[in-house]
Every structure is written in structure tokens, then in C-alpha cells.
Asks: 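Mind looking over this structure? Questions follow.
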Amino acid sequence: MYGAATSAHQVEGNNVHSDWWAWEQHAPNFPKSGQAADHWNRYKEDFALAKSLGHTAHRISIEWSRIEPSPGKWNRQAMNHYRDVLQELRRLGLATFVTLHHFTNPQWLVEQGAWENPRTPELFDRYVRYVAQHLAGLVDVWITINEPMVYATQSYWQAMWPPGKHSFSSMMRVVRYMARAHRIAYRTLQNVTPGIPVGFAKHLVAYVPEHIGQLDDRLAARLEDWWFNHRFFSLTRGTYDFIGVNYYFTRKLRVHVFPPMFRKLPWSGKTTDQGWPIAPHGLTHVLLELKRYNKPIYVTENGLADAVDSRRADYLRDHLRAVEKAQAQGVDVRGYLHWSLLDNFEWADGFEARFGLIEVNYKTMERNIRPSAYVYKAIIEQARK
Ligand code: BGC
């Protein structure tokens, strides 16, 4: 399967009941998602483009705050909208990946303590059940939670995202509750839509020691790897049918004795518009590391900000080769979804970072296919021969 991924808040526009929307209005100088890419109204056009570009699968997310704008009150129209969206993908013959939580929450949940509230996993489950009942038959792959570790660190430790907290204990609690939410949702989805694989999308970083011969650098890489990459797997053991891999970069680590800490070193190779290292071999590395879990894998995100599209074609080729290298060593990778189909609202970075295979003109909402999207199309055609 080859395709692309998006998430609701980043492309739909006007998610007025979410915590992100509230945060955007109140945080000074914060980018505002506004209309985003107006995908809520233009999804048919966008999917037709994806189809014309040879895609065979597509990943969307459902916006909880649209489905349940106030506690226990369901918005039937919003639910029907997502049914239409998935039916359109079905009609075009694209496999559907559906994410149930992609960083945003209903604002009312925040008023109840959001992911620090021990009741939140059950509240999430109530929403998951409702959605699953209404989307049964239209979903090929369920993704409960997108990047739980990223969410917990950005929102509860780095204070970059709502609710803007800087508390180690909060972050740890959120990781635990998200794992619990996943485990409960896994059972619900198994019951309501039997036979449909359920997993989560995990952001994985390839950590490498600056000096391979140096024990402390190696330890730093091991520690980060244990915490950020693998902790969530141990908390959810036995409750995922596949692994969703979101891979963006590699980090070199060095340990400092005075003051004691470990540093993420600057990258000397090629980078994206956001300065993220471009390191395709890191994708092979993380995929090989996942062999220990013995599950099928989908690359559920991989991509870069590249407004002028000068690096995306090579990026795609090199990362797909990196996937093949892992496959050749026995890793069961079943699909690749590029981030993203469209330029979109890149959270705290606003609209500057351009991740789309398709460029969006935010004034006119016009779509323009970037040249690299055709390179991807040729790769897909070749692979399907
Ligand atoms: C997230 C996306 C985001 C992308 C690029 C991933 O961590 O799931 O929402 O746009 O990275 O930053």
C-alpha cells in the first residue's frame, strides 16, 4: 500500500470546539489554524488528486471535538460527514487508515483535566465506541492514538502545545493514561469491528551515539531509545495488531560530564526547511529495532518540510529504499504513507512548514501538485508491476 496521511485539525479548518482552537485564540502570537486547507469542504477534490497520483491507501483522523462537542452529546452530522469521507475513499478504491486521536481534544475535556484525569481513558473509550459503531465496514486499519510520547512531552513537559504544562510528573501520568486508553480502546474496537487491525502510530527517532566507541554516548542513546521509542510498547504489550511507524529523523547524542547532561548534536548533513536532519538510513535502523515485537508494520508517516520541492523526490526515493533494506532483512513492512498529502497547519510552526505532495495556496485554496508527487507516482507504479 502506498499513499499519504493527514490529520483533522491540520487540514479541515474551523475545529472550533477543540483545545487547540482555544489555545490558538488565547496564546499571544500563536499561529491560528483558521480555515487550514479547507479539506472539510474539499475532501473530494483532494482524494481525486491522491487517486490520480497513484495512491492506493490514505490516512485521515477523526476530530473528537466535532463528534462530541459537549460531554456525552453526539453530533450526528459530523459523524455522517466522516462516513461520507470514508465512502469516497472506498469509491476510489483507496484503503482507509483512521486515527482516533491526533493531538487535539475537545475543549470540555481540558476543563476536566484532559489526559491527567484518570477518567479520560474511559471518556476516550466512549467516543471510540460511538465512532466505531458508525464507521463499521468503512475502516481498514484503526490507529487509536497518534504519537503519544510526542503529545505527552510537547503538551505536558515542553509547554509548547496545549495545555502548556511544564511538569515531569504530569508528563509521566499522561503517558500512563494514554497507554491505558489505548488498551481499553483496543478491546472495544476488537468487539465492535472484529477482524480490523488496531494499533497506534509511534514516532520513532534513530538515536545514535556521537562516538560509537564511547560507553557514555552509547548509554545516552540506549536510554533515550528505551524511554522515547520503546516505553509505550511495554505499556501496551499484547494490545496491538501492527505497528505504525512515524519516522522523521536521526539524532546524534553526546554525554557531557560537566554539567552532567546529554546533548543533541547539530546535524552536518542535509536538512529540511525546519532544520531536521535528513537521514534515510535511520528509517532502516528503527524498522530493524522493531523486529523484536514480531508484528506487521505500516509506515504511517514520513516526510519533510520543503517549500520549493528541491529535496522531496530524493527523500521519497531514499526512504523507500530504506524500507526495502529493512524488508530484505526480514521486517514485515506492509505499507508506506507519506506525510503529507497536502500542505497543512504544522502546529506551533503554523503554515510556514510545507509538507505537502500537493501545494495549497492559502489565499485561494487552490491545489497545485508538486513535481515530487509525480516521482512518487512513478515509484508506486513501478512497485505494483
Ligand atoms: C505529527 C504530524 C506533524 C508531523 C510533522 C508528526 O509528528 O504526527 O501531525 O505534522 O509530525 O511535524
Side-chain angles (χ1 to χ4, degrees), residues 3-13 15 18-21 23-24 30-31 33 36-37 39 46 58-65 97-105 141-158 160-162 175 178 182 199-206 228-229 232 243-251 267 271-279 282-283 286 298-307 311-312 315-316 319 336-360 362:
T6 61
S7 91
H9 189 73
Q10 293 181 271
V11 292
E12 287 177 350
N15 274 317
S18 83
D19 58 344
W20 261 86
W21 187 271
W23 169 266
E24 290 161 24
F30 205 83
S33 57
H39 181 68
D46 295 336
H58 187 72
R59 174 178 173 212
I60 63 159
S61 82
I62 307 283
E63 178 62 37
W64 184 357
S65 64
F97 286 66
V98 176
T99 309
L100 292 154
H101 186 277
H102 196 125
F103 299 155
T104 54
N105 301 295
V141 178
W142 286 115
I143 295 171
T144 54
I145 299 178
N146 180 68
E147 301 189 346
M149 300 301 286
V150 172
Y151 173 75
T153 42
Q154 294 285 89
S155 294
Y156 291 87
W157 172 241
Q158 308 267 13
M160 299 279 285
W161 295 353
V175 171
M178 285 201 137
H182 168 80
F200 47 82
K202 184 70 194 65
H203 191 288
L204 290 157
V205 177
F228 190 79
N229 286 341
F232 205 75
I243 297 171
V245 171
N246 292 1
Y247 172 76
Y248 287 91
F249 45 72
T250 290
R251 285 258 184 254
W267 186 253
T271 56
T272 74
D273 286 353
Q274 292 168 297
W276 296 1
I278 300 183
L283 178 53
V286 299
Y298 295 100
V299 176
T300 39
E301 284 182 37
N302 171 240
L304 76 167
D306 177 17
R311 287 149 288 176
R312 190 171 285 102
Y315 184 101
L316 274 158
H319 284 79
Y336 172 91
L337 302 171
H338 191 72
W339 185 271
S340 177
L341 180 66
L342 303 166
D343 283 343
N344 60 51
F345 178 71
E346 176 55 22
W347 309 111
D349 286 346
F351 290 105
E352 290 296 304
R354 298 222 171 217
F355 275 88
L357 291 164
I358 299 170
E359 181 186 353
V360 176
Y362 291 113

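One-based numbering along the sequence shown. Please read all numbers here as calculations on a predicted model, not as lab measurements. Remember, it's 1-based here, ligands and their atoms both numbered in the order they're listed.
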Asks: What protein heavy atom sits nearest atom 4 (C) of ligand 1, and how far away is it?
Replies: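 Answer, as residue, atom name and distance: Y248 OH, 3.3 Å.
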Asks: With atoms numbered from 1 as shown, which atoms in ligand 1 lie under 4.0 angstrom from a non-hydrogen atom of Q10?
Replies: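 Listed by number with element: 2 (C), 3 (C), 9 (O), 10 (O).
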Asks: Sequence neighbours excluded, which residues qualify as ring-ring contact (aromatic ring centres under 6.0 Å, His included) partners of W142?
Replies: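 Listed in chain order: nothing, the list is empty.
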Asks: In ligand 1, which numbered atoms sit nearer than 4.0 Å to a non-hydrogen atom of W276?
Replies: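 Those atoms are 5 (C), 12 (O).
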Asks: Fit a plane to each ring of W161 and F103, take the angle between them on a 0 to 90° scale, and name the class: parallel (under 30°), tilted (30 to 60°) or perpendicular (over 60°).
Replies: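 Judged by the thresholds at 30° and 60°, the geometry between W161 and F103 is tilted.
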Asks: Over 60° means perpendicular and under 30° means parallel, so tell me whether Y315 and H319 are parallel, tilted or perpendicular.
Replies: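 Because their plane-to-plane angle is under 30°, the rings of Y315 and H319 count as parallel.
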Asks: For Y151, which part has a heavy atom under 4.0 Å from ligand 1: side chain, backbone, both, or neither?
Replies: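 Neither part.
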Asks: Mind checking whether N344 contacts ligand 1 via backbone (N, CA, C, O), side chain (CB onward), both or neither, at a 4.0 Å heavy-atom cut-off?
Replies: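 Answer for N344: neither.
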Asks: Does a side chain donor of either Y151 or N146 reach within less than 3.5 Å of an acceptor in the other side chain?
Replies: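 Their side chains do not contain a donor-acceptor pair, so the 3.5 Å distance test is not met.
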Asks: To the nearest 0.1 Å, how far is atom 12 (O) of ligand 1 from its closest protein heavy atom, and which atom is that?
Replies: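 Scanning the protein heavy atoms, the shortest distance from atom 12 (O) of ligand 1 goes to E346 OE2, 2.4 Å.
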Asks: Which residue owns the protein heavy atom closest to atom 1 (C) of ligand 1, what's the atom, and how far is it?
Replies: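 The closest one turns out to be E301 OE1, 3.3 Å.
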Asks: Any salt bridge (Lys or Arg N to Asp or Glu O under 4.0 Å) involving residues 141-150? Give me the pairs, sequence neighbours left out, ordered by first then second residue.
Replies: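 Salt bridge (Lys or Arg N to Asp or Glu O under 4.0 Å) check on residues 141-150 returns no pairs.
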Asks: Can you confirm, on distance only, whether ligand 1 has an N/O atom lying under 3.5 Å from any N/O atom belonging to S7?
Replies: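 In fact, backbone or side chain, S7 has no N or O that close.
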Asks: Heavy-atom contacts with H102 under 4.0 Å: which atoms of ligand 1 show up? List them by number with element.
Replies: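 Listed by number with element: 1 (C), 2 (C), 8 (O), 9 (O).
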Asks: Would N146 count as a contact of ligand 1 if the rule is a heavy atom under 4.0 Å away?
Replies: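 Distance cut 4.0 Å: N146 passes for ligand 1.
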Asks: For H203, take its heavy atoms, then give the atoms of ligand 1 lying under 4.0 Å from any of them.
Replies: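 Contacts of ligand 1 toward H203, numbered from 1: 7 (O).
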Asks: Less than 4.5 Å apart, side chain to side chain, heavy atoms only: is that true for W20 and N15?
Replies: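 No, too far: nothing below the 4.5 Å cut-off.
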Asks: Taking only heavy atoms of E147, which atoms of ligand 1 are found under 4.0 Å from at least one of them?
Replies: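 Close to E147: 1 (C), 6 (C), 7 (O), 8 (O).
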